[in-house]
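Just below is one structure, and these are the notes that go with it.
In what follows, chains are A, B, ... by sequence order, proteins preceding strands, each numbered from 1. Not measured: the values here are computed from a predicted model.
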Amino acid sequence: MEGRPLTESELVERAKRGDVGAYERIMEAHQAIAFRTAYLIVGNAADAEEAAQDAFVKAFRALGRFRRDAPFRPWLLRIVANEARNRRRAAGRREQLALRTAAAESRPGGAAPPPEAALLDAERRGELLAAVNALRDDERLVVACRYFLDLSETETAAALGVRPGTVKSRLSRALGRLRAALEEEEARV
Amino acid sequence: MSELEQELHALGAELAFPPVPDLAADVGQRLRTRVARPSRFRLLAAAAAALVLAAAAALAVPPARSAILDFLGIGGATIERTNTQPRAPSDADLALGPRVTLVEAHRLADFPIRRPAAAARVYLDGSVPGGKVSFVWNVGGRRLLLTEFRGAQVPYVRKLVGPRTRIVEVLVDGAEGAWIVGAAHEIVWRDAHGLIRPDTRRLAGNVLLWDRGGVTFRLEGARTRGEALAIATGLRGTPRRPAV
């Protein structure tokens with residue numbers, strides 16, 4: 001009987017053999033990122049929840065194809081993003097996800113804002129958010145994956161179903177557009 | 001990282017995402033029980049698939065280990081852990097209690113017994129409150145076992161449902177039931193000290209489980225769901241007591 005918690009690799013091996021309990025622990029570690037990735041793509045919480053659920057079920061069944069010791073998260077996010085995109089296509093919705101910031105009062109337990117937030121005053125935050133929301137879908141998505149979800153370039157590529165090089169170039173274009181939009185704002189003031 | 005990128009990170013830290021649902025639990029549940037349709041009947045399917053600790057007092061839960069195992073028709077004093085299909089045991093291996101006549105079973109059990117259409121050997125386990133009645137008969141070399149006892153849920157039974165196990169909801173003459181295919185059963189029982197203990201034995205054959213009028217019925221040994229349902233819907237009420 002081991003005294004230490006199992007590594008993800010060990011949990012995956014067990015899950016491959018049908019151990020649903022082991023898979024539940026894997027899911028717990030990744031459900032937030034899976035849900036949020038789906039949310040960014042699909043635009044609403046209900047569809048995001050279903051897409052992420054379906055993705056987890058599919059991933060479980062596809063574990064046979066998963067290479068031992070490969071990083072699990074990018075592989076999972078690719079499946080999540082596929083589910084989310086399918087769902088978005090099927091829904092035919094064109095709703096654009098408008099990101100919002102959490103009001104200070106709604107922060108859990110009245111916690112202080114994270115230290116990085118000190119970088120932005122309310123005004124700047126508002127401008128930046130508006131600029132991000134004004135980006136085209138694919139550019140906004142790549143910005144969100146890289147900076148809001150902190151996915152790696154590989155993971156972003158897997159999630160978006162594109163090559164890492166495409167992620168780089170798309171990101172670079174997006175940042176350029178953001179800068180331009182923000183300078184325009186400043187110039188106006 | 002450029003200043004803009006730092007600002008984007010800062011923005012990310014402040015974004016309002018909807019609360020993350022408990023996907024792990026939902027998906028875990030889904031993987032364990034693939035039900036044909038969600039329905040209010042989930043309760044019995046879940047009872048078949050999940051540990052039921054509730055209503056212990058209301059149920060016939062024999063305190064002794066062998067009694068619990070008998071109760072579930074699992075077997076005698078020794079439990080084999082095996083990966084291969086166990087050889088069909090003789091009636092005696094099932095430890096169903098003493099053999100009785102149908103009339104005696106009807107008299108001694110405190111619930112209305114239903115019997116299979118086929119001629120069957122009858123056993124009664126009086127150690128279970130209310131009595132546990134079992135019918136055993138053969139069809140084409142296969143052995144069928146019908147067990148009935150008072151209780152709306154299968155007590156202290158957790159059927160381990162792996163990827164190869166399916167639970168399909170069915171209706172047995174309007175009563176809610178579950179057809180459990182390929183189930184490896186994990187039995188959880190309470191020992192003499194009141195501790196819950198797990199035990200595992202692969203049960204041969206598929207199981208049809210249903211609940212009607214406060215009595216749980218369990219049919220084991222049918223090859224197909226159709227056969228199981230045909231037997232279940234073909235059960236008859238017990239004969240009236242002969243006029244004395």
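In this structure, A:Glu28 contributes its side chain and B:Ala24 its backbone to no donor-acceptor pair below 3.5 Å.
Counting heavy-atom pairs closer than 4.5 Å to chain B, the top residue among A:Gln31, A:Arg146, A:Met27 is A:Gln31. Ranked by non-hydrogen atom pairs under 4.5 Å with chain A, the options B:Gly28, B:Gly12, B:Pro18 are led by B:Pro18. The most heavy-atom pairs under 4.5 Å with chain B, out of A:Gly21, A:Ala32, A:Ala29, come from A:Ala32.
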Could you pull out every donor-acceptor pair under 3.5 Å between side chains of residues 48-58 of chain A and any protein atom, sequence neighbours left out?
from    : atom 1 : to      : atom 2 : distance (Å)
A:Glu50 : OE1    : A:Arg87 : NH1    : 2.7
A:Gln53 : OE1    : B:Arg30 : NH1    : 2.7
A:Asp54 : OD1    : B:Arg30 : NH1    : 3.3
A:Asp54 : OD1    : B:Arg30 : NH2    : 2.9
A:Asp54 : OD2    : A:Arg87 : NH2    : 2.9
A:Lys58 : NZ     : A:Glu83 : OE2    : 2.5

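With a threshold of 4.5 angstrom between heavy atoms, B:Leu23 approaches chain A through its backbone and through its side chain. Looking at A:Leu182, only its side chain comes within 4.5 Å of chain B, counting heavy atoms on both sides.
Annotation: side chain of B:Val27 is not in contact with side chain of A:Val20 (no heavy-atom distance under 4.5 Å). For the pair A:Glu127 and B:Glu7, the minimum side-chain heavy-atom distance is 4.5 Å or more.
Under the rule for a ring-ring contact (aromatic ring centres under 6.0 Å, His included), the partners of A:Phe72 that lie at least two apart in sequence or sit in another chain are A:His30, A:Phe66, A:Trp75.
Residues of residues 162-180 of chain A that come closer than 4.5 Å to chain B, counting heavy atoms only, are A:Leu175, A:Leu178, A:Arg179, ordered by residue number.
Counting only residues at least two apart or on different chains, the ring-ring contact (aromatic ring centres under 6.0 Å, His included) pairs with a member in residues 124-149 of chain A are A:Tyr147-B:His9.
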